[in-house]
Amino acid sequence: KKMNKLNFLTPDKNNLYVYLYSGISLFSISILIVFLNSFFSLDLTSFLPGTISYFLPLIIGFIGLHLIRIEYSGIKFLDIINKNINTNKFNALLSLLIIFAVIKSIPPLLSWFIIDANFAGDSKDACSGSGACWAYIKTWFNRFMYGMYPNAEQWRINLSFIALAFLGGVGFFASEKFKKYLTLYYVVVYPVIAFLFIFFFISGGPIFFDFSYGIIAAVISIVIGFFIPSKFKMYYFIIIPITIYILLKYVFFYEELIELGKIQAFEWVETGAWGGLSLTFIVSFFCLIFCFPVGLFLSLGRRSDLPIIKYISIGFIEFWRGVPLITVLFMSSVMFPMFLPEDMFIDKLVRVIIAISLFEAAYVAEVIRGGLQALPRGQYDAAKSLGMGYWKMHIFVILPQALKLVIPGIANTFLALVKDTPLIFVVGLLEIVGMLNLAKTNPEWLGFAMEGYVFASIVFFIICYAMSKYSYNLEQKYKTER
């Protein structure tokens, strides 16, 4: 009889539902005690001595989880709970502590975020309660999005982002006939279009200038070149780009018709006035599209059989990985211009994008190299047996498999890049966090830094979570394991 009493504390399948109902009841009671105490200040255990009253919910919940800890119960929901939060006594105790901590933290957070928060008003006087002052975010929202960009010209940023988002999404709607050209589009054409949008719309650069003629001629030539028979391609790429450039400069837009470099498309806005979330997107976008191809070639160079290419790649990677990003940004802003000729000027934003791209390319290179080393030697031998050369082998056989393996690593590097963008404040560029730091020092809004940083953390979480989910979907899409 004594053994039977002791065995009651050891759950088994023989009395599954007795243990299940008893355990769930005790666990629910412990949650209810903590919930009522946290949300309504109602202490159901106040009649007990202080120490016992404090630990009673934990003891009851612990016993409840013990009673439902039945291996392979056959009840799917119960098995999931036991597998994730109730595998043993220690995990059950940790799970209870975390659940209680979450319940205890919800009321003050709700109070600060919503219940006692101030949403109306446009001055500090409107924020008199103990909650968050969201009027501060509302008042400064325009600056957090666009920085010091002129209000009347902000439609140019919106138009550019909408157009680039639309052009970036054409790959999802491309027919099978054009899908084989998507790589060309996203690697060559789309970045050039993005540059032209940024230059002409956001900065308000001159309508036509020599460099733009060359870009347009190159893009048109590359796109048309894919439809030219192979035997004519060499002559085509020698003659056509030069011909298009001459036609653009001397026939369609000759100087008598348009005075080059003096007719402005829009009001010029210097990059020092750019800022906020829009600048975060611009820096992140260009750094992402530049660091990936550079990192790809560095990873191939590091594995090259040619000593000069191999050691240059190794030196580049180890150098950039060995210095902090904030130092790289400082050097690009302060030291680099000292080595330029007196009549040569490179915009600060361009220098920052180049610096971050080179820095992140070193990390991308190592991630891709890991994928290349993970492939079995047989893949290389099989490609060579088909008569493929170095580039054809890597483009069609090696890189597709290697990149598929390292999608999580590449996504992780890209996420780190986006979160590193606030460091550009050291060179005087104010993206969203930089604008928050500027706003919190305003005499009319002192004391509301917390709201600003919470807002920035939510924005960065949304961006990074979206990127993470997209990378996970890519990983599942190209998953070949069975």
Side-chain angles (χ1 to χ4, degrees), residues 1-117 130-132 408 412 450 453-454 457-458 460-462 464-466 468-469 471-473 475-476:
K1 290 182 179 179
K2 290 182 179 179
M3 292 299 296
N4 289 336
K5 289 181 180 179
L6 291 173
N7 286 338
F8 176 77
L9 297 176
T10 307
D12 56 38
K13 291 183 180 180
N14 296 331
N15 298 298
L16 174 64
Y17 289 100
V18 174
Y19 291 115
L20 182 61
Y21 293 142
S22 302
I24 291 176
S25 299
L26 292 173
F27 179 72
S28 300
I29 290 171
S30 70
I31 297 295
L32 181 64
I33 292 172
V34 178
F35 177 83
L36 292 176
N37 182 266
S38 302
F39 282 82
F40 304 103
S41 300
L42 180 61
D43 190 359
L44 299 180
T45 60
S46 58
F47 61 92
L48 296 172
T51 305
I52 297 176
S53 174
Y54 187 79
F55 286 103
L56 185 63
L58 187 63
I59 296 170
I60 294 174
F62 183 79
I63 295 172
L65 288 178
H66 172 74
L67 293 177
I68 66 173
R69 194 183 303 124
I70 303 170
E71 292 186 3
Y72 308 111
S73 65
I75 302 175
K76 186 177 180 181
F77 181 71
L78 179 61
D79 290 338
I80 291 173
I81 291 177
N82 287 331
K83 181 180 178 182
N84 290 281
I85 68 171
N86 193 28
T87 53
N88 53 51
K89 295 177 182 179
F90 180 70
N91 284 346
L93 182 63
L94 284 180
S95 299
L96 282 171
L97 291 173
I98 292 171
I99 292 170
F100 291 167
V102 170
I103 294 174
K104 283 283 188 181
S105 63
I106 288 176
L109 286 175
L110 280 177
S111 178
W112 188 82
F113 265 95
I114 300 173
I115 298 172
D116 296 330
S130 59
N412 186 59
M450 178 63 74
Y453 289 124
V454 169
S457 66
I458 293 172
F460 273 100
F461 174 79
I462 293 171
C464 294
Y465 182 74
S468 178
K469 286 297 293 182
S471 71
Y472 176 76
N473 291 336
E475 189 179 353
Q476 295 300 114

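Small disclaimer: the values here were computed from a predicted structure and weren't measured. Along the sequence shown, residues carry numbers from 1.
Atom CD1 of I63 sits about 13.0 Å away from atom CD1 of I68, to the nearest 0.5 Å. Here the CD1-CG distance, from I81 to N86, works out to 8.5 Å after rounding to the nearest 0.5 Å. Once rounded to the nearest 0.5 Å, the distance linking CG of L96 with CG of N91 reads 11.0 Å. Atom CG in L97 sits 7.5 Å away from atom CZ in F100 (nearest 0.5 Å). How far OG of S471 is from CD of Q476: 10.0 Å, rounded to the nearest 0.5 Å. Rounded to the nearest 0.5 angstrom, L20 CG and I70 CD1 are separated by 6.5 Å.
Applying the side chain to side chain donor-acceptor pair (under 3.5 Å) criterion to N412, with sequence neighbours excluded, gives no partner residue. Applying the side chain to side chain donor-acceptor pair (under 3.5 Å) rule to D116 yields the partners S111; only residues at least two apart in sequence or on another chain are considered.
Residues I98 and I85 fail the side-chain proximity criterion, which asks for heavy atoms closer than 4.5 Å. Looking at L93 and L58, their side chains come closer than 4.5 Å, going by heavy atoms from C-beta outward. Looking at heavy atoms from C-beta onward, K89 lies in side-chain contact with F62 at the 4.5 angstrom threshold.
No more than 12 heavy-atom neighbours from other residues, nucleotides or ligands sit within 6.0 angstrom of OH on Y465. Within 6.0 Å of OH on Y54 lie no more than 12 heavy atoms contributed by other residues, nucleotides or ligands.
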Legend entry - side-chain hydrogen bond (donor to acceptor under 3.5 Å, both in side chains) between D43 and T45, intermediate numbers included: CA-CA 5 Å; D43 190 359; T45 60; 2.9 Å; yes
Show me the donor-acceptor pairs, under 3.5 Å and distance only, between side chains in residues 25-38 and residues at least two apart or in other chains.
unit_1	atom_1	unit_2	atom_2	d
S25	OG	Y21	O	2.7
S28	OG	I24	O	2.7
S30	OG	F27	O	2.6
N37	OD1	K104	NZ	2.7
S38	OG	V34	O	2.8

